[in-house]
*Asks:* 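One structure follows; several queries about it will come next.
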Protein chains: 2
Amino acid sequence: MISSETIGAVAGVTSDQVRKDLSHLGSMGKRGTGYAVPRLRDALVASLGLGRLLTVAVVGAGNLGMAIGGFPDYRAGGFAVKALYDVNPNRTGGSLSGLPIRHVDEFAADSAQAPYDIGVITTPPDAAREVADMMVKAGTRAILNFAPVTLGCQGEVPVRNVRVVEEMQILAHYLEPSDA
Amino acid sequence: MISSETIGAVAGVTSDQVRKDLSHLGSMGKRGTGYAVPRLRDALVASLGLGRLLTVAVVGAGNLGMAIGGFPDYRAGGFAVKALYDVNPNRTGGSLSGLPIRHVDEFAADSAQAPYDIGVITTPPDAAREVADMMVKAGTRAILNFAPVTLGCQGEVPVRNVRVVEEMQILAHYLEPSDA
DNA sequence: TAGATTGTTAATCGATTAACAATC
DNA sequence: TAGATTGTTAATCGATTAACAATC
């Protein structure tokens with residue numbers, strides 16, 4: 001058993017917040033005693049859709065793309081990297097540590113049955129927007145953009161129903177004004 | 001000149017929001033005509049501290065670290081990658097496309113004069129928390145964590161004054177519950 | 001003057017926090 | 001019963017949106 005107080009202390013939020021959030025799952029706790037951990041975990045897994053690995057496609061088989069897609073450390077923890085895509089036929093067709101490297105033209109067909117949960121963009125900046133549009137059209141559920149360019153809200157396909165994480169760009173906003 | 005209406009249309013927000021936000025800079029606009037672009041830009045640059053490049057240090061000179069730190073595309077756009085750090089003496093001492101590869105023990109001393117704006121963690125997961133603590137102690141202003149591990153709010157040094165971007169982990173939260 | 005657009009005040013909305021009756 | 005802790009309702013807070021007088 002665990003109390004909302006304990007969960008809050010561990011997570012760095014208030015017990016009120018924990019109870020409020022958990023109440024969305026229904027009445028999971030027992031008054032006077034707290035929450036049964038196994039039952040709570042099962043309910044969270046079911047609610048958040050963590051019962052399966054999130055599928056990942058990496059587009060851009062350059063150094064960054066291969067580093068993210070190809071190495072074991074970055075293939076752990078709830079994510080299943082399914083394929084690496086590139087536009088250059090010289091790079092495609094083979095595989096990298098068991099990860100197939102496919103031509104970017106095959107992305108849509110590969111997505112037809114089951115869209116990717118996460119599309120990672122590791123192309124040069126001038127190709128990023130085009131790739132993002134392609135992913136949106138193919139039903140990719142989230143886009144993580146590592147190309148040093150802001151995709152923003154313009155483009156052929158409006159980015160809706162898809163969260164675009166503008167990596168470095170967004171980070172800059174977190175910084176306080178320069179003291180220099 | 002540009003109006004709040006036009007800025008809002010481009011940025012995808014309402015004109016009210018634009019005016020509200022810009023009012024923090026003081027009275028920059030002219031009623032009836034809008035905002036003078038050069039004056040507005042200057043005020044934004046001054047306020048957001050964009051007058052200089054944000055300095056970046058990458059810790060972990062593995063494939064990912066070298067891809068992010070060493071290649072031109074990822075060194076553009078307002079960021080100046082200053083150094084790559086690693087714990088393995090066999091990897092340190094040299095340079096990668098002009099970027100010095102230094103031993104991680106030198107990080108604190110290198111930060112003493114001018115702390116890094118952004119510290120990028122590209123180590124294996126079991127070293128990430130230790131590196132984050134080191135960065136916080138050294139005054140690093142923001143941390144971008146690429147190690148597939150959640151740094152969270154625990155650790156030797158509480159993470160204060162520093163935004164930790166939990167890469168893949170945070171992204172998962174953006175996804176809606178699985179439909180599978 | 002008349003049309004346009006700002007800057008600010010008021011209203012709305014949602015999320016967080018506080019409080020507490022319910023109840024284990 | 002008495003202490004503990006939930007689940008929910010009310011209060012607070014901040015941010016977004018609406019409205020409009022000021023004024024270019």
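Each chain gets a letter, A, B and so on, in the order its sequence line appears, and its residues count up from 1. Please read all numbers here as calculations on a predicted model, not as lab measurements.
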*Asks:* Identify the residue among Val58(B), Leu54(B), Ile68(B) that makes a side-chain contact (heavy atoms from CB on, under 4.5 Å) with Val81(B).
*Replies:*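 Exactly one option meets the side-chain contact (heavy atoms from CB on, under 4.5 Å) with Val81(B), and it is Val58(B).
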*Asks:* Checking Ser4(A) against Arg19(A) for the side-chain hydrogen bond (donor to acceptor under 3.5 Å, both in side chains) test, could you report, in this order, the C-alpha distance in whole Å, the side-chain angles of both residues, the deciding distance, and whether it holds?
*Replies:* CA-CA 6 Å; Ser4(A) 58; Arg19(A) 290 202 300 284; 3.2 Å; yes
*Asks:* Please evaluate residues Asp105(B) and Tyr85(B) with respect to the criterion side-chain hydrogen bond (donor to acceptor under 3.5 Å, both in side chains), reporting the C-alpha separation (whole Å), side-chain torsions for both, the decisive distance (0.1 Å), and the verdict.
*Replies:* CA-CA 9 Å; Asp105(B) 289 347; Tyr85(B) 293 87; over 6 Å; no
*Asks:* Relative to the 5' end of DNA chain D, which residue comes earlier, Thr33(A) or Ser23(A), by the nucleotide with the nearest heavy atom?
*Replies:*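 So the residue in question is Thr33(A).
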*Asks:* If you walk 5' to 3' along DNA chain C, what is the first nucleotide with an atom under 4.0 Å of a heavy atom in chain B, and what is the last?
*Replies:*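 On DNA chain C, the outermost contacted nucleotides are dA4(C) to dA10(C).
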*Asks:* State, with a plain yes or no, whether a side-chain heavy atom of Leu96(A) is found less than 4.5 Å away from one of Met66(A).
*Replies:*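 A side-chain contact under 4.5 Å exists here.
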*Asks:* Determine the stems involving DNA chain C; a stem requires 3 or more consecutive pairs of the Watson-Crick or G-U wobble kind, each with both distances below 3.5 Å, and the answer is none if no such run exists.
*Replies:*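 As far as DNA chain C goes, consecutive pairing (with distances under 3.5 Å) yields the stems C:3-24 with D:3-24.
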*Asks:* Ion pair present between Asp133(A) and Arg129(A), side-chain N to carboxylate O less than 4.0 angstrom?
*Replies:*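 Salt bridge: yes.
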*Asks:* For Ser4(B), report the nucleic acid contact type (base, sugar-phosphate, nothing); a contact means any heavy atom under 4.0 Å.
*Replies:*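 It contacts sugar-phosphate atoms only.
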*Asks:* Specify the residue among Ser27(B) and Gln17(A) whose closest nucleotide of DNA chain C lies further upstream toward the 5′ end.
*Replies:*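 With Ser27(B) and Gln17(A) compared, the 5'-side residue is Ser27(B).
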*Asks:* Looking at DNA chain C, which of residues 37-44 of chain B put a heavy atom within less than 4.0 Å of it?
*Replies:*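 Within this stretch, nothing sits under 4.0 Å of the strand.
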*Asks:* Hey, is Lys20(B) close enough to Asp16(B) for a salt bridge, meaning N to O under 4.0 Å?
*Replies:*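 Asp16(B) and Lys20(B): not salt-bridged.
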*Asks:* Just wondering, more than 12 heavy atoms not from Glu106(A) lying within 6.0 Å of its CD?
*Replies:*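 Check passes, neighbour count above 12.
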*Asks:* To the nearest 0.5 angstrom, please state how far the OG1 atom of Thr55(B) sits from the CG atom of Asp117(B).
*Replies:*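 Rounded to the nearest 0.5 Å, the OG1-CG separation comes out at 4.0 Å.
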*Asks:* Do the ring planes of Phe107(A) and Tyr116(A) sit parallel (below 30°), tilted (30 to 60°) or perpendicular (above 60°)?
*Replies:*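 Tilted, since the angle between the ring planes falls between 30° and 60°.
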*Asks:* When Val59(A) is tested against each of Thr140(A), Asp86(A), Val131(A) for side-chain contact (heavy atoms from CB on, under 4.5 Å), which residue passes?
*Replies:*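 The single option meeting the side-chain contact (heavy atoms from CB on, under 4.5 Å) with Val59(A) is Val131(A).
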